[in-house]
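Here the structure is a predicted model, which is why all the values come from computation and not from measurement.
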Amino acid sequence: SINNLLIWKTKNNKNDKSRKICYNIKPVVIINCDYTITEKIYKIGGLMQKRVELLAPAGNMEKLKTAIHFGADACFVGGSSFNLRGMSSNFKNKELKEAIDYVHSLGKKIYVTLNIFAHNTEIDYLPRFIKMLAEYGADAAIVADLGVFQLVREHAPNLPIHVSTQANNTNWMSVKTWKDMGAKRVILAREMSLKEIKTIREKVPDVEIEVFIHGAMCMAYSGRCLLSNYFTNRDSNRGICAQDCRWNYKVIAEGHEDKGVHDIVEEHGETFIFNAKDLCSIEFIDQIIEAGVNSLKIEGRMKSIYYNSTVVKQYKRALDSYYSGNYKYNPNWLEELKTISHRQYSNGFYLGPTSEKDQNYETGLSYSQTYRLIANVLDKVDTNKYKIQIRNKAFATDTFELIRPEGDPIPFKVANFLNTKNDEFQDEVNPNTIAIIETDVEMGPMDLIRMKLPLGVSDSDMDTSDLG
């Protein structure tokens, strides 16, 4: 027998044997079935839904391929203009076409950001870019500005529109309004609780909802900050934020002592009054799914491939567990997320109002990590021999770990490195070296090699190669 199973035709054609499956998060076994299964539909919280999308950032082609390799269902990218990551390498027009074709060849999706707050000069240049995205086959444009939204409607009427988190949607009427104007998806503001998200889903059931589940948080409402503009003349709403909120400040409330206002000054050390912790929702990801969202978004187009691979892999493991019908939180997911460079984690706004626990008042950077990326695997060149690209200095005496899309990290050691530039065996290698190693651990292209760091050692989570 098949429990909790419903079958619908996907088309009105009476000869079509395609079907959708719906089941209530329980394993389903189909025996002697003549039908082609095209899509699984789950009953979650009273709603019929497809499996939630895992959406990863991609600041360049390498990051995009890494995210897909480690299990992302879709990636969001930026072109050379019109997006809020002006310091990322981003994708030139030719690269965008290549990225779209690559993702589609694997049955995945790709969304392109057009989420700047446009001025008149951008409005004049946008139509050509929008038409190009539609011609290339982008799966959606991510838009924040109402004028840009209208331009997409006029110049690429078949290109789906996702409304950016920068549009500050925090209530169901705003979401409904965007939907009524033609938006396919609304990316909610980060300042939303699970209860509020559930209400939006109930009030507006016929629009896709996307939420952020991991990454940096801004001290301003959905990133609408002017500190960078004021202090460094770098416009945070046009892609070049200087992250001034991470600086140390001293605030003096002169002339307001009688009103009980306190000075914010630390006598020994510094005070960081705008410094938000990073969002991490892995411990309650099941509750976010059951709120009725369609897409789970990871922040970090400026982050490294190690960040991308680790975050995607751990959330995919959580989703696989959830949709297996036997969901159980695994503390190892969080431990792995601590291996990447990150600020202290918080629950964001999901579980209720934030407090001082969600801010880091002690230090400006507060980066913490337990592992460092050493290399990425390029190819297998012979039996037990692999060509790798060195990302950080490594020694043959080190113990390494192989990171693959499936399974736990695999420790291994090597006798030496064969430098392909001079054909010499070396006991140590520097970044940008192409080397061959020998090991009986099976590796594949785009797998990663990491090393455990000494206690107290840490790096920035920013991929500085994008700044060069």
Thinking salt bridges, do D206 and K179 make one under a 4.0 Å N-O criterion?
yes
Under 3.5 Å donor-acceptor, K313 side chain and G407 backbone
yes
Apply side-chain contact (heavy atoms from CB on, under 4.5 Å) to the pair K297 and I187, showing each step before the final yes or no.
CA-CA 9 Å; K297 189 172 197 171; I187 308 165; 3.7 Å; yes
As a quick check of understanding, evaluate side-chain contact (heavy atoms from CB on, under 4.5 Å) for V77 and L64, giving each step before the final call.
CA-CA 8 Å; V77 305; L64 180 140; 3.9 Å; yes
Mark yes when over 12 heavy atoms from residues, nucleotides or ligands other than K393 sit less than 6.0 Å from its NZ; otherwise mark no.
yes
I need the Q166 CD to I142 CD1 distance, nearest 0.5 Å.
11.0 Å
Are V311 and L337 side-chain neighbours, meaning at least one heavy-atom pair lies under 4.5 Å?
yes
Only one of V163, T170, V186 passes side chain to side chain contact (heavy atoms under 4.5 Å, CB included) with V175, and that residue is V186
Identify the heavy atoms of L159 and A138 that sit nearest to each other, and give their distance.
CD1-O, 3.4 Å
Looking only at heavy atoms, what is the nearest atom pair of A99 and F91, with distance?
CB-CE2, 3.8 Å
Should the ring pair Y315 and H214 be called parallel, tilted or perpendicular, given that the plane angle runs from 0 to 90° and is split at 30 and 60?
perpendicular
Could you walk me through whether V377 and L448 pass side-chain contact (heavy atoms from CB on, under 4.5 Å), step by step?
CA-CA 6 Å; V377 180; L448 300 180; over 6 Å; no
Hey, is the main chain of P57 close enough, under 3.5 Å, to the side chain of N308 for a donor-acceptor pair?
yes
V112 vs Y136 side-chain heavy atoms within contact, under 4.5 Å
no
Between the CZ atom in F212 and the CD atom in E299, the distance rounded to the nearest 0.5 Å is 7.0 Å
Could you check whether any side-chain N or O of T113 sits under 3.5 Å from a backbone N or O of N115, counting only pairs where one atom can act as donor and the other as acceptor?
no
Donor-acceptor pair, distance only, cut-off 3.5 Å: does the side chain of E95 make one with the backbone of K92?
yes
Minimum-distance pair of heavy atoms, taken over all atoms of I449 and L373
O-CD1, 3.4 Å
Is any NZ, NE, NH1 or NH2 atom of the basic residue among E336 and R450 found under 4.0 Å from an Asp or Glu carboxylate oxygen of the other?
yes
When rounded to the nearest 0.5 angstrom, what distance separates CZ in R185 from CD in E210?
5.0 Å
Please indicate whether N120 has more than 12 foreign heavy atoms, meaning atoms of other residues, nucleotides or ligands, lying under 6.0 Å from its CG.
no
Got a donor-acceptor contact below 3.5 angstrom from the K63 side chain to the K303 backbone?
yes
Please identify each residue that fulfils side-chain contact (heavy atoms from CB on, under 4.5 Å) with L334, with sequence neighbours left out.
C280, I282, E283, Y329, K338, Y345
Enter the distance from L54:CG to S295:OG here, rounded to the nearest 0.5 Å.
8.0 Å
Please determine if D139 and K108 form a salt bridge, counting it only when a charged side-chain N lies under 4.0 Å from a carboxylate O.
no
Steps toward ring-ring contact (aromatic ring centres under 6.0 Å, His included) verdict (F149, W178)
CA-CA 10 Å; F149 185 97; W178 282 112; 5.1 Å; yes
Minimum-distance pair of heavy atoms, taken over all atoms of N347 and L351
ND2-CD1, 3.5 Å
Between the side chains of Q369 and Y307, is a donor N or O closer than 3.5 angstrom to an acceptor N or O?
no
Within a 6.0 Å radius of atom CD on E154, are there more than 12 heavy atoms belonging to other residues, nucleotides or ligands?
yes
Hey, are N171 and S174 close enough side-chain-wise for a donor-acceptor pair under 3.5 Å?
yes
Starting from the C-alpha separation in whole Å, work towards a yes-or-no answer on side-chain contact (heavy atoms from CB on, under 4.5 Å) for E401 and Y371.
CA-CA 10 Å; E401 291 184 4; Y371 282 82; 3.0 Å; yes
The reported gap from CD1 in I390 to CD1 in I434 (rounded to nearest 0.5 angstrom) is 8.0 Å
Is H342 reaching over with its side chain to a backbone N or O of I340, donor-acceptor style, under 3.5 angstrom?
yes
Please test E196 against R190 for salt bridge (Lys or Arg N to Asp or Glu O under 4.0 Å), starting from the C-alpha separation and ending with a verdict.
CA-CA 11 Å; E196 291 174 311; R190 288 175 173 87; over 6 Å; no
With a 4.0 Å cut-off on N to O distance, would you call E208 and R201 a salt bridge?
no
Quick check against the 3.5 Å criterion: does E122 have a side-chain atom that pairs as donor or acceptor with the backbone of H119?
yes
Worked check of salt bridge (Lys or Arg N to Asp or Glu O under 4.0 Å) between R317 and D408:
CA-CA 11 Å; R317 294 176 82 177; D408 295 327; 3.1 Å; yes
Check for a donor-acceptor pair, side chain of D101 on one end and backbone N or O of E98 on the other, with a separation under 3.5 Å.
no
Between the main-chain N or O of Y306 and the side-chain N or O of T310, is there a donor-acceptor pair closer than 3.5 Å?
yes
Contact summary for I213 and I285, nearest pair of heavy atoms:
CG2-CD1, 4.0 Å
Validation row: N294, V52 side chains within 4.5 angstrom (heavy atoms)
no
Can you tell me how far CD1 of I197 sits from CE of M192, rounded to the nearest 0.5 angstrom?
5.5 Å
